[in-house]
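By convention in this document, chain letters (A, B, ...) are assigned in the order of the sequence lines, proteins followed by strands, and residues within each chain are numbered from 1.
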Amino acid sequence: MEIAKAYDPRTAEEHHYARWEQSGVFAPEINEDLGAETYSIVIPPPNVTGSLHMGHALQHTLMDVLTRWKRMCGYRTLFLVGVDHAGISTQLMVTRQLKKDAHKTPQEIGREEFVKRVWEWKNKYGGEITRQIRREGLSVDWSRERFTMDPGLSAAVREVFVRLYEEGWIYRGTRIVNWCPRDKTVLSDLEVKEEKAKDGKLYYLKYPIAGGGMTLTVATTRPETMLGDTAVAINPDDERYQHLIGAKIALPLTGREIPVIADEYVESEFGTGAVKITPAHDPNDWEIGERHGLEKLVVMNDDATMSEAAGVVFAGLDRYEAREKVVAAFEELGLLETIEDHEMTLPHCERCKTVVEPLLSEQWFVKMDEMRDLALGLMKEAGLPRFYPEVPHKKVYTTWLENLRDWTISRQLWWGHQIPAWYDDEGNVFVARSEDAAREKAGGKALRQDEDVLDTWFSSALWPFSTLGWTGTDERANNRDLEQFYPTNVLVTGRDIIFLWVSRMVMSGLKFIGERPFDDVIIHGTVLDRNGQRMSKTKNNGIDPLDVFEKFGVDATRMTLAGSATGVDFAWRDERVESFRNFANKVWNATRFCLMNSEGAAVDPESLKAGATGSLADGWIISRLNKTAKAVNYALETYQFHEAVQLLYHFIWDDFCDWYIELVKDEIVDGDARTRSLILSILEQSLRMLHPFMPFLTEELWQKLPGVSKGLHGSAYASAEQTIMLTTFPKADESLINEEAETAMGAVIAAISKVRNIRSEMNISPAIRFTVHIAADAERQAIFRENDAQILKLARADKIVLGEKLDVPKAAAKAVTSDAAIAVPLEGLIDFDKERARLANQIEKLSIELGRLNGQLSNTNFVEKAPAEKVETLRARKAEIEQQTSTLRTNLEALE
RNA sequence: GCCGACUUAGCUCAGUGGUAGAGCACUCGCUUCACACGCGAUAGGUCAGAAGUUCAAAUCUUCUAGUCGGCACCA
């Protein structure tokens with residue numbers, strides 16, 4: 001069979017995915033072995049508004065590698081896919097579109113109509129990310145695809161909410177919360193990111209003390225909030241201000257009088273040691289207000305403009321305009337003492353980057369202490385989940401849990417799971433699974449539902465079991481998917497959502513299923529741009545995976561991503577992908593060679609066992625194959641994807657292509673059917689091992705191999721459509737690992753390399769054939785004799801002379817290996833100066849090593865304390881070097 | 001402020017106690033009948049610096065410097 005000269009990734013990519021998907025090979029049901037162990041992974045659901053980025057591509061690749069590997073190992077695998085409704089992002093996107101298309105705001109069209117439009121948007125555009133997931137080649141079970149707002153998942157959300165409420169773990173309360181004035185919703189602590197303020201200032205304001213001309217100076221970064229001050233606080237031990245405790249301040253611009261109070265919270269050293277207290281606009285001030293029974297005066301609206309309560313002069317002004325105006329007013333009154341530059345950070349809305357306003361507001365919260373204890377208990381007692389890499393994530397996760405605070409779960413949005421709480425006209429609340437149930441609780445009164453929806457992460461927290469059909473009403477035993485696939489085996493995600501998502505899944509899994517959601521958590525690294533910077537939309541330095549797919553192919557991209565060390569950030573290099581593109585082409589061409597010479601041959605895994613007793617090269621490559629299989633399986637078991645990639649790359653390229661194909665080329669081309677079948681079978685095993693990483697290439701090639709059939713499938717997949725996906729992943733057969741063959745082959749390879757070195761260093765054209773003399777002991781001579789054809793071919797020699805000792809004229813180039821002395825007579829071709837330099841260079845290298853060895857071996861401490869085995873190894877090596885050096889010296893002297 | 005990670009060849013990165021590795025780039029040679037996305041052969045590192053533990057340190061400990069990250073506080 002003839003195939004194209006170069007691999008075209010696009011053809012293979014277009015060829016196989018639809019067929020795989022349609023034939024059902026991704027679904028766990030493809031496995032006919034009822035006793036098969038299960039293996040399950042749930043995808044971290046990408047946002048429905050999202051499109052694929054490198055972070056996705058990385059984590060998706062790792063999950064797919066594991067899934068495909070385990071499927072090939074005979075597990076009943078489920079790789080569950082789905083999408084997150086992404087409350088804020090989606091609402092913003094549809095709001096923008098509404099404005100553009102209809103020039104309307106959500107408020108103008110009303111909640112019902114707005115939500116309807118979001119669903120329309122979702123149905124029309126929400127499939128983008130799932131199309132991209134198909135492009136990546138992920139072997140996910142599309143028949144179980146989920147969306148966080150599916151009826152079943154929504155039922156799970158209501159169930160969890162009601163249960164937590166009934167247990168008192170969910171409550172409603174008035175607190176200072178993080179308020180995004182642009183998105184007009186509350187945010188949890190985790191959705192707020194501190195960033196350095198560009199030009200932070202500390203304003204020193206003089207507050208007049210009532211009755212008497214004295215002032216007390218307070219320092220503040222937010223002068224506008226003084227309009228809501230209800231006290232000034234000082235430390236009770238601050239001697240400077242003792243006399244003022246209990247005094248009244250005539251608060252400028254407001255006409256109000258506020259007390260001076262004493263509270264431990266105040267640090268005398270900071271600022272002036274006197275703090276203005278605004279309980280409605282600062283969490284710490286709130287606490288102080290609670291302690292001292294202060295009034296909580298709200299002077300700001302939910303869009304961060306000043307409210308009526310701020311006074312007629314300021315009402316309606318934006319917070320920053322109000323700040324300027326307040327400062328100007330103080331200056332006019334002669335009450336502005338000074339303004340200092342002040343380094344500080346400000347909280348920003350993670351999504352829209354607006355400065356978050358601490359605002360007094362009534363919200364729903366989850367009390368986290370008992371939930372936290374469940375997760376901490378699991379870590380303490382079972383060490384779960386296991387983080388990969390363990391450092392630093394285990395500690396960071398644990399520490400975060402230990403300091404966990406209550407979780408604000410309500411959001412002032414329309415897109416999401418509406419809170420299942422209803423109110424009567426008196427404001428009594430009825431929490432229930434449905435409106436009917438709520439009304440029943442309320443004695444049939446008319447009710448209205450809470451306007452707010454739940455934090456998107458509330459539903460994400462249930463993902464590992466809500467996606468498997470849990471709604472709280474099913475007994476687990478009656479739910480086959482939950483029973484089979486929960487807990488999942490491993491979670492693969494980025495470190496930025498360990499708190500937001502991972503910890504919450506652990507807590508809710510333990511609480512509602514009574515079992516951990518997963519054993520292992522792989523935290524992958526961040527893909528940086530080529531300058532080592534984080535990719536971001538604002539910097540516009542993102543690398544689009546789809547562009548890379550287009551340029552180098554999906555498989556090459558997957559190899560690049562899997563080839564990065566687990567958990568470690570790395571700078572993106574197209575050159576790296578290019579090298580894997582080249583590798584794909586190498587595999588393609590190795591297959592091409594085998595196919596061009598495949599007449600009369602077929603893939604037959606049994607031939608590997610028989611082949612092990614064939615030629616040295618056969619035994620050697622089969623040994624290498626089995627060692628590689630062993631190492632690859634181990635690497636995957638321990639999530640060392642990059643190690644597996646390296647092993648496969650070098651086995652296929654170096655061992656198989658550069659050595660084995662070249663060694664057996666003549667036999668293959670000459671039509672030796674046995675060797676042809678053997679090389680096809682080794683190639684086929686290699687393709688299998690490569691398949692989890694490079695699914696398209698390997699399927700494309702595998703299907704072309706003579707002799708492939710369902711017969712190669714694992715026993716659990718006997719009736720499935722023919723695909724490499726369902727062949728058995730190679731496991732090492734220890735009996736086929738042959739150290740003797742590897743050592744012998746090593747001698748042949750070393751000899752060939754030395755001759756090549758001579759040819760290259762002495763500038764001898766490849767066209768010139770010469771005689772190679774090899775001196776070695778009888779045993780080694782036998783090896784060289786048996787493989788003389790291969791040596792002749794690969795060293796481009798026309799004759800080999802074997803003997804105990806070299807017998808060559810002076811005009812010869814010489815070299816030594818661990819096993820042999822080598823000489824190539826070069827009458828008329830040799831440059832004696834060059835040859836002397838070459839020999840001297842080899843002697844020099846050996847002498848450096850010898851010096852080090854002598855140092856160690858003459859150290860009595862080493863000889864006495866190091867393991868005897870180690871000492872013996874060094875002694876043997878020393879003897880070898882001395883032997884080689886002596887030979888090289890003799891050769892060098894002969895040239896003098 | 002607290003916690004942590006990283007610093008290895010020109011570049012990007014592997015390598016957790018026993019002779020420093022890969023890919024790319026560089027140098028030299030090659031239309032060798034699978035592949036120039038290739039073949040062959042070289043060159044290139046006092047493993048950030050210092051001290052310590054050890055027979056032995058890139059690897060363990062401490063300190064220093066630089067880079068990056070997380071958390072907390074911030075009147």
A:F593 or A:H342, whichever maps to the more 5' nucleotide of RNA chain B:
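Going by which nucleotide is closer to the 5' end, it is A:F593.
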At under 4.0 Å between heavy atoms, what does [X] touch on the DNA or RNA strands: base, sugar-phosphate, or nothing?
{"X": "A:V266", "result": "base"}
{"X": "A:L874", "result": "nothing"}
{"X": "A:E643", "result": "nothing"}
{"X": "A:K586", "result": "base"}
{"X": "A:K845", "result": "sugar-phosphate"}
{"X": "A:R769", "result": "nothing"}
{"X": "A:E267", "result": "base"}

On the side chain of [X], is there an atom forming a donor-acceptor pair with the base of [N] - under 3.5 Å, no angle test?
{"X": "A:T345", "N": "B:C74", "value": "yes"}
{"X": "A:E662", "N": "B:A34", "value": "yes"}
{"X": "A:K5", "N": "B:C35", "value": "no"}
{"X": "A:R576", "N": "B:C24", "value": "no"}

For A:E882 and A:T885, which I'm curious about, is there any donor-acceptor pair between the side chains at under 3.5 Å?
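No.
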salt_bridge(A:D282, A:K276) N-O dist < 4.0 Å
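Looking at A:K276 together with A:D282, the answer is no, because their closest N to O distance does not fall below 4.0 Å.
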